Amino acid sequence: MIVLLTPIKIKRKLSECSKDELIELLYEAVKANKDTQAYVSVKLEGEPVLLEIVDASKERIYKEFYPTRGFPKLRVSKIEQVLSEIKTIGKGTIWPFELRVYFCEVAVQYIHEQADIFEDMGDCFTETYEEVVQILNKEKKPDLYEKYKDRLKAIVHTPGCECWGIHDSLEGSYSDLKWVDHDEEEDDLDHASSVISYAAMSKWLKVPEDARQKYISNVWCGRCLGTTTIRDFSIQLDTYGIILQGSCSNCGHQVARVIE
């Protein structure tokens, strides 16, 4: 059985090395292990390298569901590997949390479109969403929740996710969020009764909240011959941008709003 040195013993040994010996040792470690190479690169170059790693990690997650060629692989081991790597490399930053939320968004989009998913990947998805909720519940201030609340609500409100009890699991986790005011009035996400495209919803949520409210309350109604507030709207993607399709809050006539 191979007995490895503990981190404390390694630190003690390193303190006995010369500068040249340390450089050579670190160089060999970086060559031998890509995770070490990534970690050291971030430590030396900072945020720009970390952002590149985050983008590459998102692409790896996305391709498990939407490969360039062939069928989706949906390998839980690959998702866990990506999330584990960023947890180490991005320790102390928001990026490990961001990547968890991103994985949940891609997974729920896939389920919404396919109406099914491998059971083990469904479990990985719901467990990750629960982990996101627990991370937020440990925060002393609601700042992180405020930053992600719309994305988290969009995930749990995405229709067509009943397979394997996924929707019920998501709702259960979301209801445990200590920052959610359950007595608050329904917002625009609650009014969106039919989200036809999760990609459209994701793009919609990137629009600042105050701007979204202005779009919702500034829609032309051909029957009222004036601007109105759109209700019960669906969100779709179009070549021109996002399209909100719903009804006039005054007369019930069908209205739409294009957002470039």
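Keep in mind the model is a prediction, meaning the values are calculated, not measured.
Here the shortest heavy-atom pairing between S247 and Q254 reads CB-NE2, 4.1 Å. Among all heavy-atom pairs drawn from G122 and I166, the shortest one is CA-CD1, 4.0 Å. When every heavy atom of C161 is checked against every heavy atom of V108, the shortest pair comes out as SG-CG2, 3.5 Å. Residues I94 and L144 share a closest heavy-atom pair of CD1-CD1, 3.7 Å. The heavy-atom pair separating S169 from T126 by the smallest distance is OG-CB, 3.5 Å. When every heavy atom of H112 is checked against every heavy atom of P159, the shortest pair comes out as ND1-O, 3.0 Å.
Contact of the L51 side chain with the W95 side chain is registered, since non-hydrogen atoms from C-beta on lie closer than 4.5 Å. Here the side chains of V82 and E64 are not in contact, with every heavy-atom distance at 4.5 Å or above. A 4.5 Å side-chain heavy-atom check between E98 and R151 finds at least one atom pair inside the cut-off. Side-chain contact check for C163 versus I111: some heavy-atom pair is nearer than 4.5 Å. With contacts defined as side-chain heavy-atom distances shorter than 4.5 Å, the pair I216/T229 qualifies. Using a 4.5 Å heavy-atom threshold, the side chains of K87 and R100 count as touching. D116 is listed as a side-chain neighbour of W164, based on a closest heavy-atom distance under 4.5 Å. Using a 4.5 Å cut-off on side-chain heavy atoms (C-beta onward), I242 and V258 make no contact.
Judged by distance alone, with hydrogens and angles left aside, the side-chain atoms of Y129 form a donor-acceptor pair with the main-chain N or O of L152 at under 3.5 Å. R212 contributes a side-chain N or O that, together with a main-chain N or O of V207, makes up a donor-acceptor pair within less than 3.5 Å. With hydrogens and angles disregarded, a donor-acceptor distance shorter than 3.5 Å links the side chain of R257 to the backbone of N218.
Between E59 and K63, at least one side-chain N (NZ, or NE/NH1/NH2) sits under 4.0 Å from a carboxylate O, which counts as a salt bridge.
Separation of atoms OH (Y174) and CG (L136) is listed at 10.5 Å; rounding is to 0.5 Å. To the nearest 0.5 Å, atom CG of residue N250 and atom OG1 of residue T228 are 4.0 Å apart. Rounded to the nearest 0.5 angstrom, R60 CZ and K78 NZ are separated by 7.5 Å. I155 CD1 to F125 CZ: the interatomic distance, rounded to the nearest 0.5 Å, is 6.0 Å. Atom NZ of K153 is separated from atom CG of L170 by 14.5 Å, given to the nearest 0.5 angstrom. Taking CD1 of I79 as the reference point, atom OG of S84 lies at 12.5 Å (rounded to 0.5 Å).
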#### Entry: Trace of the side chain to side chain contact (heavy atoms under 4.5 Å, CB included) decision for I230 with Y215
CA-CA 9 Å; I230 187 172; Y215 287 130; over 6 Å; no

### Message
Determine whether I235 and I243 satisfy the following criterion, side chain to side chain contact (heavy atoms under 4.5 Å, CB included), listing intermediate values before the conclusion.
### Response
CA-CA 6 Å; I235 305 171; I243 297 181; over 6 Å; no

### Query
Would F233 and V219 satisfy side chain to side chain contact (heavy atoms under 4.5 Å, CB included), going step by step from the backbone distance to the final call?
CA-CA 12 Å; F233 58 87; V219 179; over 6 Å; no

### Message
Checking E105 against Q109 for the side-chain hydrogen bond (donor to acceptor under 3.5 Å, both in side chains) test, could you report, in this order, the C-alpha distance in whole Å, the side-chain angles of both residues, the deciding distance, and whether it holds?
### Response
CA-CA 6 Å; E105 290 175 328; Q109 177 180 341; over 6 Å; no

#### Entry: Stepwise side chain to side chain contact (heavy atoms under 4.5 Å, CB included) test for V255 and L244
CA-CA 8 Å; V255 296; L244 307 183; over 6 Å; no

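Of the listed residues (Q81, E127, M121), just one forms a side chain to side chain contact (heavy atoms under 4.5 Å, CB included) with V76, and that residue is M121.
Around NZ of K178, the count of heavy atoms belonging to other residues, nucleotides or ligands within 6.0 Å exceeds 12. The environment of L225 atom CG is dense: over 12 non-hydrogen atoms of other residues, nucleotides or ligands sit within 6.0 angstrom. Within 6.0 Å of CZ on F118 lie no more than 12 heavy atoms contributed by other residues, nucleotides or ligands.
Residues F97 and Y148 place their aromatic rings such that the two centres sit under 6.0 Å apart.
Using the six-membered ring where Trp is involved, W179 and Y145 have ring planes that are parallel, under 30° apart on the 30 and 60° scheme.
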